[in-house]
Amino acid sequence: QVQLVESGGGLVQAGGSLRLSCAASGSIFSINRMGWYRQAPGKQRELVAAITSGGSTNYADSVKGRFTISRDNAKNTVYLQMNSLKPEDTVVYYCNANILPVHGSGYRDYWGQGTQVTVSS
């Protein structure tokens, strides 16, 4: 079994910072892309940032210059450093990883349980 466990969400004032972490555990052979998505009530889940195993990154336009994604391959962990937070960043954030399980037949996407980020004005 493969599991993604997120941490680091919470309440912060506008202009503040938070750091999200997501650790993948279980019978993992390899991890390809890792990323963070967010979903507001009644809306589609959208990509916030993603990073490949080689370190290439891409970001949503709305977070460029404010958020930084990074990963520690040795720990199977991805991070999202969020600076200059705005009230419109208030939403549930989900970790995603494209993983090849030890006994799997191919890569598949796994999701974390979600962590709430609330930015007060």
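Sequential numbering from 1 along the given sequence is applied to the chain's residues.
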- Query: Do Y59 and T68 have side-chain atoms, one donor and one acceptor, less than 3.5 Å apart?
  - Reply: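 Result is no, nothing qualifies.
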- Query: Between T52 and R71, is any side-chain donor less than 3.5 angstrom from a side-chain acceptor?
  - Reply: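 On atom types as modelled, these side chains do not qualify, holding no pair under 3.5 Å.
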- Message: Do the side chains of D61 and K64 get close enough for a salt bridge, i.e. N-O under 4.0 angstrom?
- Response: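 Counted as a salt bridge, because a side-chain N and a carboxylate O are separated by less than 4.0 Å.
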- Between M82 and Y93, is any pair of side-chain heavy atoms under 4.5 Å apart?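 A side-chain contact exists here, since the closest heavy-atom pair is under 4.5 Å.
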Without swapping roles, check the side chain of [X] against the backbone of [Y] for a donor-acceptor pair under 3.5 Å.
X	Y	answer
Q13	S120	no
R66	S84	yes
S27	V102	no
T77	K75	yes

- Item | SG on C95 to OH on Y110, rounded to 0.5 Å |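 Y110 OH to C95 SG: 13.0 Å, rounded to 0.5 Å.
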- side-chain hydrogen bond (donor to acceptor under 3.5 Å, both in side chains) assessment of R33 paired with S56: CA-CA 9 Å; R33 194 180 82 150; S56 296; over 6 Å; no
- Message: Tell me whether the rings of Y37 and W111 are parallel (<30°), tilted (30 to 60°) or perpendicular (>60°).
- Response: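 It falls in the perpendicular class, over 60°.
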- Do N96 and L4 pass the side-chain contact (heavy atoms from CB on, under 4.5 Å) test, and can you show the C-alpha distance, the side-chain angles, and the key distance before you say yes or no? CA-CA 8 Å; N96 167 268; L4 300 184; 5.6 Å; no
